[in-house]
Amino acid sequence: MTNIFTNAVVFLNKKTKVNINEILFLEGNVNYTIVHFREKNPLMIAITLKKAESLLKEHGFVRIHKSFILNLHYADQSLMTNNEVLFQKNIAIKVSRRKRNELKERLSAA
């Protein structure tokens, strides 16, 4: 799978600026979002997952569950087992029934 990384930087809120390439996935927690990075510690920001989704959708992110948004640059169809996506650091994220087909299509198109 070829990954085309952009050097895009996005402001997740007024004070938090992150490089798109560093984000593995985002996890919703009520009105907060936890941003999980490749090599940094997770960061909790005060925006909803819905708002984060609208900011990141055009950068190759897809919502795979009501609580998770995935960076497609780090996902691979071969990593999908038992309706979960496996990541580095031995992290497994559940994919909702309604989002499975969309995720499979997006991964096969990449």
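No hydrogens, no waters, no symmetry mates; every other heavy atom, side chains included, goes into these values.
- In this structure, NZ in K99 is found 12.0 Å from CG in L70, a value given to the nearest 0.5 Å.
- For the atom pair L72 CG and L103 CG, the distance stands at 6.5 Å (nearest 0.5 Å).
- Annotation: the span from N71 atom CG to R38 atom CZ amounts to 9.5 Å, rounded to 0.5 Å.
- Across all their heavy atoms, P42 and H36 have their closest contact at CG-ND1, 3.8 Å.
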Given F68 and V85, is the side chain to side chain contact (heavy atoms under 4.5 Å, CB included) satisfied, shown in steps? CA-CA 11 Å; F68 293 100; V85 176; over 6 Å; no
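- The two atoms that bring K94 and H65 nearest to each other are O-CB, 3.7 Å, heavy atoms only.
- The line from CZ of F25 to CD1 of I91 is 4.5 Å long, rounded to the nearest 0.5 Å.
- Here the closest non-hydrogen pair linking F61 and L56 is CD1-O, 3.4 Å.
- Partners of N29 according to the side-chain contact (heavy atoms from CB on, under 4.5 Å) rule, which considers only residues two or more places apart in sequence or in another chain, are I34, M44.
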Exercise answer: donor-acceptor pairs, residues 46-55 side-chain atoms, under 3.5 Å, sequence neighbours excluded:
| unit_1 | atom_1 | unit_2 | atom_2 | d |
| --- | --- | --- | --- | --- |
| T48 | OG1 | K51 | N | 3.2 |
| E53 | OE1 | R63 | NH1 | 3.2 |
| S54 | OG | K51 | O | 2.7 |

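- The minimum heavy-atom distance linking R100 with V95 is given by the pair NE-O, 3.5 Å.
- Under the 4.5 Å side-chain heavy-atom criterion for grouping Ile, Leu, Val, Met, Phe, Trp and Tyr, V35 is not connected to Y32 through any hydrophobic cluster.
- The two residues E84 and A92 come nearest to each other via the heavy atoms OE1-CB, 3.6 Å.
- N19 CG to K40 NZ: the interatomic distance, rounded to the nearest 0.5 Å, is 8.0 Å.
- Between I23 atom CD1 and F37 atom CZ the span is 5.5 Å, to the nearest 0.5 Å.
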